[in-house]
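The chains referred to below are lettered A, B, ... by the order of the sequence lines, with proteins before strands, and numbering in each begins at 1.
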Amino acid sequence: MQNPPDKDSDLYEIYMAEQTAEQKAAQSHQSTAVQQAQSLAPESAWGPLDSLPGNPMMWILIISELMVFGLLLAGYSITFINEPDLFRESQAQLSRLIGGLNTLILITSGLFAALANEASKENRHTLMQRYLLVTACFGILFLLLKFYEYTDKAALGISIETNSFYTLFYLMTGFHAAHVIFGLAILGLVSRYSSRENIQTACAFWHMVDLIWLILYPVLYLVR
Amino acid sequence: MPFSLNLSAPGTRLLLTWALMSGLTVISIISGDALETQGDTVPLGLVSVIVLMGATLFKCRLLLLDFLELRSSSAGWRRGFIFAIFLIAAMITGAYMLA
């Protein structure tokens, strides 16, 4: 390394000016590198989850819910193997048609949620809100039919403690209905705070609720 | 003006998905013998259960790809989710065979 010239010499000012310029260049290079790293960070913050539409946290929830209902269905399967006659007799008291109607209602609500998502992509705010309202109306209709079903069973003296079939039936359908209620609250919230990501995330939650019912209906009401 | 169906339009695709899913639900209701059978404990039979779970799997696949927009996601996620639903359907069919 070259020694600095004497402070009194004429070369000292030139030397200092060169040193300052070099330091500035090094700082500028560093800050550019930091900026580049920062601009890349959001893209890879969630790893593989970044390739999924909407907020990655919602997908973590969707995967968790699938696992929870998968385990509940595994428990149902094991109990069904042990007590097939009890399950057939208990299931026979359910209204299979109401279960089917509820499936059609949720599928239709899913269609309107997906249409709301499309309207949001096109920045058609009023149309998006209308679609969300229709989605919520079908969700409420689903809950009303579910309430009718529960009160009908209660009138027959059937409750969560009746037998193992009804314990699992009320546990799974009740947990699912709680998700529908939560989904309605989310739909209401995002119709007010309607950013593109919020709409996509709320619709993903609603479709997850729909997906779980698509599996629950044949298992709880039809397979015997 | 002649009627034309633009299958690539998102709205049309979603409507077709909904129609297919509704049709599959009606197939489930029929193969599950759900009409006027309250109180019926007669077993469905393995073929009906396979049709039922097959229709369920296909409905879930449509929902995942079109409503949940996994069609535009990576193949790994698509396969993973569909495989998870397949496992559940296989588990239910297996339990039915064992019961």
Test side chain to side chain contact (heavy atoms under 4.5 Å, CB included) applied to B:Leu70 and A:Leu52, step by step:
CA-CA 7 Å; B:Leu70 282 190; A:Leu52 293 166; 3.3 Å; yes
Can you check side chain to side chain contact (heavy atoms under 4.5 Å, CB included) on B:Ile85 and A:Leu211, steps first, answer last?
CA-CA 10 Å; B:Ile85 306 296; A:Leu211 178 75; 4.3 Å; yes
Test A:Phe69 against B:Ile88 for side chain to side chain contact (heavy atoms under 4.5 Å, CB included), laying out the working first.
CA-CA 10 Å; A:Phe69 277 98; B:Ile88 292 172; over 6 Å; no
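Heavy atoms closer than 4.5 Å to chain B are found in both the backbone and the side chain of A:Thr108. For B:Leu44, the parts lying under 4.5 angstrom from a heavy atom of chain A are both the backbone and the side chain. Contact of B:Leu57 with chain A is not made at all, since no heavy-atom distance falls under 4.5 Å. Only the side chain of A:Trp59 comes within contact range of chain B, judged by heavy atoms closer than 4.5 Å. With a threshold of 4.5 angstrom between heavy atoms, A:Tyr217 approaches chain B through side-chain atoms but not through N, CA, C or O. Heavy atoms of A:Gln91 lying under 4.5 Å from chain B are absent altogether. Looking at B:Leu15, the atoms closer than 4.5 Å to chain A (heavy atoms on both sides) sit in the backbone and in the side chain alike. In this structure, the portions of B:Trp18 lying under 4.5 Å from any heavy atom of chain A include both its backbone and its side chain. Looking at A:Ala113, neither its backbone nor its side chain comes within 4.5 Å of chain B, counting heavy atoms on both sides.
Atom CZ of B:Arg79 is surrounded by 12 or fewer heavy atoms from other residues, nucleotides or ligands within 6.0 Å. Atom CD of A:Glu122 sits in a crowded spot, with more than 12 heavy atoms from other residues, nucleotides or ligands closer than 6.0 Å. Heavy atoms of other residues, nucleotides or ligands lying less than 6.0 angstrom from CZ of B:Phe86 number 12 at most. Atom CZ of B:Arg78 has more than 12 neighbouring heavy atoms from other residues, nucleotides or ligands inside a 6.0 Å radius.
Residue A:Ile81 comes nearest to B:Ala95 through the heavy atom pair CG1-O, 3.6 Å, listed as atom of the first residue, atom of the second, then distance. Considering every non-hydrogen atom in both A:Thr103 and B:Lys59, the closest pair reads CG2-NZ, 4.1 Å. The minimum heavy-atom distance linking A:Arg88 with B:Pro43 is given by the pair NE-CG, 3.9 Å. Contact between B:Trp77 and A:Pro48 at its shortest, heavy atoms only, is NE1-O, 2.9 Å. Residue A:Leu214 comes nearest to B:Cys60 through the heavy atom pair CB-SG, 4.1 Å, listed as atom of the first residue, atom of the second, then distance. Taking all atoms of both residues into account, the shortest heavy-atom contact from A:Gly100 to B:Ile29 is CA-CD1, 3.8 Å.
A:Glu118 contributes atom CD, which lies 6.0 Å from atom CZ of B:Arg13 (distance to the nearest 0.5 angstrom). Distance check: A:Ile107 CD1 to B:Met21 CE gives 4.5 Å after rounding to the nearest 0.5 Å. With rounding to the nearest 0.5 Å, the separation of CD1 in A:Ile62 from CG in B:Leu68 is 5.5 Å. Separating the CG atom in B:Leu98 from the CG atom in A:Asn82 is a distance of 10.5 Å, to the nearest 0.5 Å. With rounding to the nearest 0.5 angstrom, the CE atom of B:Met53 is 7.5 Å from the CD1 atom of A:Ile215. Between atom CG of residue B:Leu16 and atom CG of residue A:Leu111 there is a gap of 10.5 Å, rounded to the nearest 0.5 Å.
Below 30°, between 30° and 60°, or above 60°: for B:Tyr96 and A:Phe80 the angle between ring planes is below 30°, a parallel geometry.
Partner B:Thr25 forms a side-chain contact (heavy atoms from CB on, under 4.5 Å) with one of A:Leu106, A:Leu104, A:Leu101 and no other, that one being A:Leu104.
For chain A, the option among B:Leu14, B:Val49, B:Val26 with the highest count of heavy-atom pairs below 4.5 Å is B:Leu14.
The backbone N or O of A:Ser51 lies less than 3.5 Å from a partner atom in the side chain of B:Ser73, making a donor-acceptor pair.
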